[in-house]
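All figures in this text were calculated on a predicted structure; none of them were measured in a lab. So that the names make sense, note that chain A is the first sequence line, chain B the second, and so on, each numbered from 1.
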Amino acid sequence: MQLHHRHPWNLTPAEAIALQKELRTEVVSNRPIDIEAIGLIAGVDVSVKNEQSQAAVVVMTYPGFLPVETVLAQRPTPFPYIPGLLSFREGPVLEEAFEKLKSVPDVFLFDGMGIAHPRRIGIASHMGLWLDRPTIGCGKTLLCGRYKDLAEEKGAMAPLVDKGETIGVALRTRTARNPMFISPGHLADIATAAALVLACSPKYRLPEPIRMAHNAAGQFSS
DNA sequence: GCGACAG
DNA sequence: ATCTTGTCGC
């Protein structure tokens, strides 16, 4: 796939934060996704093995979730894990994977946050600028923000609020399971992002595209 | 200063 | 994320 907004990755943490503050002004997080028009959806995930990072992007049909393309990429892990700077750790290997992608998915689901981030530019938002396609952040645990208790039933959701701003939703994708934290990455909005993720979770807590990417990246379920 | 902290 | 078997619960 053609990538946009590319930039060097060899930055210090302070430089990375400065870059995020620049890039966040480009992020569009109030645009509804036309779910009815989706034909292909991609799941993105990265696993780390001894200094080496492996990325996997699995493209599947929507609805139906039949895999149509899988790309893998490996590279040395270039940056430590620092909360708030995940994209600088996983970005390089993802760039390599995206370049190998033949198909052009209508939406990308990421393992991590979109705008539900201290500077409103988590990995899904950052990579969304590169892809110039709708992206959604799907976190398993919270990075920032608070939410009120939500019903135990699948489909229940509660606004995720940080510093007075609604940045996403806590969404129960499975009854009696911990909620997922959904936020727009780029070219998406909170309501349609949540609706789509729920539609992508017919059986497990993790949305289907991300489960597939997780497996392809070389891991087992959890 | 203290606590929190995606993967 | 990763180190790791069996086990408790819906």
Side-chain angles (χ1 to χ4, degrees), chain A residues 9 13-14 16-17 20 23-24 27 29 43-57 72-95 97 108-128 135-147 151-156 160-163 165 167-186 188 190 193-194 197 201 203-207 209-222:
Chain A
W9 286 116
I17 289 175
Q20 289 183 321
L23 295 178
R24 72 177 176 191
V27 177
S29 56
V44 180
D45 189 44
V46 174
S47 68
V48 178
K49 287 286 187 181
N50 304 316
E51 314 293 290
Q52 286 288 310
S53 289
Q54 169 147 286
V57 179
L72 299 175
Q74 306 80 214
R75 295 201 65 179
T77 306
F79 200 84
Y81 169 67
I82 299 175
L85 299 180
L86 182 63
S87 57
F88 295 88
R89 177 178 172 80
E90 305 190 340
V93 71
L94 285 178
E95 169 180 24
F108 288 79
L109 265 41
F110 285 78
D111 205 335
M113 303 305 183
I115 63 170
H117 176 283
R119 290 172 292 284
R120 309 294 182 254
I121 181 161
I123 191 166
S125 300
H126 194 154
M127 294 297 100
T135 59
I136 297 172
C138 308
K140 297 182 291 296
T141 60
L142 212 48
L143 172 59
C144 69
R146 296 182 61 245
Y147 63 99
E152 289 295 300
E153 291 66 41
K154 172 178 181 176
L160 180 56
V161 181
D162 183 48
K163 296 174 178 173
E165 182 181 356
I167 57 178
V169 294
L171 169 68
R172 199 86 74 180
T173 50
R174 275 207 72 179
T175 296
R177 290 302 195 226
N178 289 149
M180 291 288 292
F181 301 97
I182 313 305
S183 58
H186 181 48
I190 296 175
V197 169
S201 312
K203 181 166 179 163
Y204 303 98
R205 182 170 86 116
L206 261 44
I210 289 183
R211 288 185 65 249
M212 296 297 94
H214 200 279
N215 291 158
Q219 297 303 299
F220 295 95
S221 52
S222 61

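The 12-atom threshold is exceeded at CD of A/E165, counting heavy atoms of other residues, nucleotides or ligands nearer than 6.0 Å.
Distance alone, capped at 3.5 Å, places no donor-acceptor pair between the A/R119 side chain and the A/R24 backbone. Looking at A/T173, its side chain does come within 3.5 Å of a backbone N or O of A/R205 through a donor-acceptor pair. Between the A/T135 side chain and the A/F108 main chain, no donor and acceptor come within less than 3.5 Å of each other. Using a distance-only test at 3.5 Å, with no hydrogens or angles considered, a donor-acceptor pair links the side chain of A/K154 to the main chain of A/S201. Remark: side-chain polar atoms of A/S47 are paired, donor with acceptor, to backbone N or O of A/A217 under 3.5 angstrom.
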Give each protein N/O atom lying under 3.5 Å from an N/O atom of nucleotides 5-10 of chain C, with the pair distance.
none

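In terms of the ring pair (Phe, Tyr, Trp, His ring centres under 6.0 Å) criterion, A/F79 has no residue partners (sequence neighbours excluded).
In DNA chain B, no stem is built from 3 or more consecutive Watson-Crick or G-U wobble pairs with both distances under 3.5 Å. With a cut-off of 3.5 Å on both pairing distances, the Watson-Crick and G-U wobble pairs of DNA chain C never assemble into a stem of 3 or more.
Using a 4.0 Å heavy-atom criterion, one finds that A/G84 contacts the bases of the nucleic acid, with or without backbone contacts as well. Backbone-only engagement by A/L142 is indicated by non-hydrogen atom pairs under 4.0 Å involving sugar-phosphate atoms exclusively. Looking at heavy-atom distances under 4.0 Å, A/G139 makes contact with sugar-phosphate atoms alone, never a base. Contacts of A/L85 with the nucleic acid, taken as non-hydrogen atoms under 4.0 Å apart, include base atoms.
Residue pairs meeting the side chain to side chain donor-acceptor pair (under 3.5 Å) criterion with at least one partner in residues 76-93 of chain A, sequence neighbours excluded, are A/S53-A/T77, A/S87-A/H126.
When each of A/V57, A/L94, A/L86 is tested with A/V46 by the rule side-chain contact (heavy atoms from CB on, under 4.5 Å), just one qualifies, namely A/L94.
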Could you go through the side-chain contact (heavy atoms from CB on, under 4.5 Å) check for A/R211 and A/Y204 one step at a time? CA-CA 9 Å; A/R211 288 185 65 249; A/Y204 303 98; 3.3 Å; yes

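Spacing between atom CD of A/Q74 and atom P of C/dA1 amounts to 18 Å, rounded to whole angstrom units.
The pair A/E152-A/R172 meets the salt-bridge criterion, since a charged nitrogen lies less than 4.0 angstrom from a carboxylate oxygen.
When DNA chain B is scanned 5' to 3' for any atom under 4.0 Å from a heavy atom of chain A, the first and last hits are B/dC5 to B/dG7.
Rounded to the nearest 0.5 angstrom, A/D111 CG and A/L206 CG are separated by 6.5 Å. Between atom CD1 of residue A/I115 and atom CD1 of residue A/I167 there is a gap of 7.0 Å, rounded to the nearest 0.5 Å.
Residue A/K140 places at least one side-chain N or O closer than 4.0 Å to OP1 or OP2 of C/dA1.
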